[in-house]
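Each remark here refers to the structure printed beneath this line.
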2 protein chains.
Amino acid sequence: MTERSGSLAALAEVFREHGFEGTSLTTISKATGLGKGSLYNFFPGGKDEMMAAVLDDIDRWFEEAVFTPLEAADEPGPAIMAMMQAVTAYFQSGGRVCLVGWLGLGSSREAFADRVNGYFARWIATLAHCLQTGRVPAPRARSLAQEAVSGIQGAIVLSRALDDTRLFVRIVEKLESELLAVVARGES
Amino acid sequence: MTERSGSLAALAEVFREHGFEGTSLTTISKATGLGKGSLYNFFPGGKDEMMAAVLDDIDRWFEEAVFTPLEAADEPGPAIMAMMQAVTAYFQSGGRVCLVGWLGLGSSREAFADRVNGYFARWIATLAHCLQTGRVPAPRARSLAQEAVSGIQGAIVLSRALDDTRLFVRIVEKLESELLAVVARGES
DNA sequence: GCTAAGTTGTACCGATCAGTACAAGTAAGG
DNA sequence: CCTTACTTGTACTGATCGGTACAACTTAGC
């Protein structure tokens, strides 16, 4: 079980680099250092189960580092700043792809639709909740949260395409300052 | 030649659905109705050349429907509105993926890096140019253009993930109104 | 109607795909 | 030491991969 979870990081990285369809078992084997035997021993369900395990791991990380802090925060400003910092580090300033967002683009989407949907829905919900603690009305908070999450995804796509991590940082800072302005103003 | 260009639409659609790595010649053959013989007759370079032809087609469309109007506009407001309308129709309110943005995520990126980079660079440049005609200073125009293009890409990712085309429309409208507000204000 | 050029289907290539089978290896418990 | 359970590498399967070869076919010019 420890070997399985130990390989999750490498597994995630290789999926992020090649996508689901583009990742072969040979690639996975090389990346994790595990032979096919071990791979199918730990993940009897094959590639699908490997991706599912990776998604579990991602969920766990975001739950702990992003979602829970957003929900638990009693003041929105610092929580928003912490979220943006965590996200920037996680996505390596746009150098690292959002696997969940990517999955949503492809035809493998159907297989993981619930996971993909849940990830973004929870992100938006917790961020909106955080904004509401700053006296932002619920509908507005929800819209702002959607725009922020959408904006982060766009920053990943664009900064990857232009190979410019500074662009990611700048856009995310802009998104942050917009949110901070709203909560600082007390209400909208 | 007419058969080749006639198959480009189907080719583009199947690439959009499965990505580059996820699209097999069998899939392409079915989607276009052409056998392998015809496929390699029209595209001797194989899958790479097919994707290149699709990207050419996309470039052509955007050049005509988006970039040139942005550059030729003497008034930014209507040009921005026209761009957003064209883009919303093209991406089918987020139901359709941006193939170029997708390519930038994957490892097949390297093969098409210049195309991907050029596409977004030109989009940003023409939009920034358009904003400058509305007396927006060059650096600000560039930043706003980057944010708008990034925002559109994010809207595609998020609306696909949540399977909600209204979300795409709403976010794009928001982006539009922000740009319009800037140019209406005369200056920043 | 003959030729030449372009088009198409089909059979095939070696490589690689995801996945299976299983024997050999390892380690822990008693 | 022996068993039992887990782990691992290797060899293999049939299917499919991208790509090639080529013969059959259509079409157009003359």
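Note that the structure is a prediction, hence the values are computed from the model and not measured. Naming convention: chains lettered A, B, ... in sequence-line order (proteins, then strands); numbering from 1 in each chain.
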When the ring centroid of A:F20 is compared with that of A:W102, is the distance short of 6.0 Å?
no

Find the distance B:L25:CG to C:dG9:P and express it as a whole number of Å.
15 Å

Counting only side-chain heavy atoms from C-beta out, which of D:dT8, D:dG19, C:dG19 sits nearest to A:Y40?
C:dG19

Is the base of D:dG19 touched by the side chain of B:K36 through a donor-acceptor pair closer than 3.5 angstrom?
yes

Spacing of A:K30 atom NZ relative to C:dC17 atom C1', expressed in whole Å:
14 Å

With a non-hydrogen cut-off below 4.0 angstrom, is B:T23 in contact with a base, only sugar-phosphate, or nothing?
sugar-phosphate

Please state how far atom CZ in B:F42 lies from atom C1' in C:dT8, giving the value in whole angstrom units.
9 Å

Ranking D:dT8, D:dG19, C:dA18 by distance to the side chain of A:S24, first place goes to C:dA18

Could you check how far CG of A:L39 sits from P of C:dG19, rounded to whole Å?
11 Å

Nearest-angstrom distance from the residue atom CD of A:E21 to P of D:dG18:
12 Å

From C:dG9, C:dA18, D:dG19, nucleotide with atom closest to B:S38 side chain:
C:dG9

Side-chain N or O of A:T26 versus OP1/OP2 of C:dC17: is the shortest distance under 4.0 Å?
yes

Can you tell me how far C1' of D:dG18 sits from CD1 of B:I28, to the nearest Å?
10 Å

Would you find more than 12 non-hydrogen atoms of other residues, nucleotides or ligands less than 6.0 Å from B:R142 atom CZ?
no

Is the number of heavy atoms from other residues, nucleotides or ligands within 6.0 Å of CD (B:Q85) greater than 12?
no

Check the phosphate of D:dT8 against A:N41, side-chain N and O only, distance under 4.0 Å to OP1 or OP2. Yes or no?
no

Stepwise side-chain hydrogen bond (donor to acceptor under 3.5 Å, both in side chains) check, B:E21 with A:T23
CA-CA 9 Å; B:E21 344 237 12; A:T23 304; over 6 Å; no

Nearest-Å distance, CZ (B:F43) to C1' (C:dT7)?
14 Å

Determine the interplanar angle of the B:F62 and B:Y119 rings, folded into 0 to 90°, and report it as parallel if under 30°, tilted if 30 to 60°, perpendicular if over 60°.
perpendicular

To the nearest Å, give me how far apart CE (B:M51) and P (D:dG19) are.
13 Å

Start at the 5' end of DNA chain D and walk down; is the nucleotide closest to B:K47 or to B:G37 reached first?
B:K47

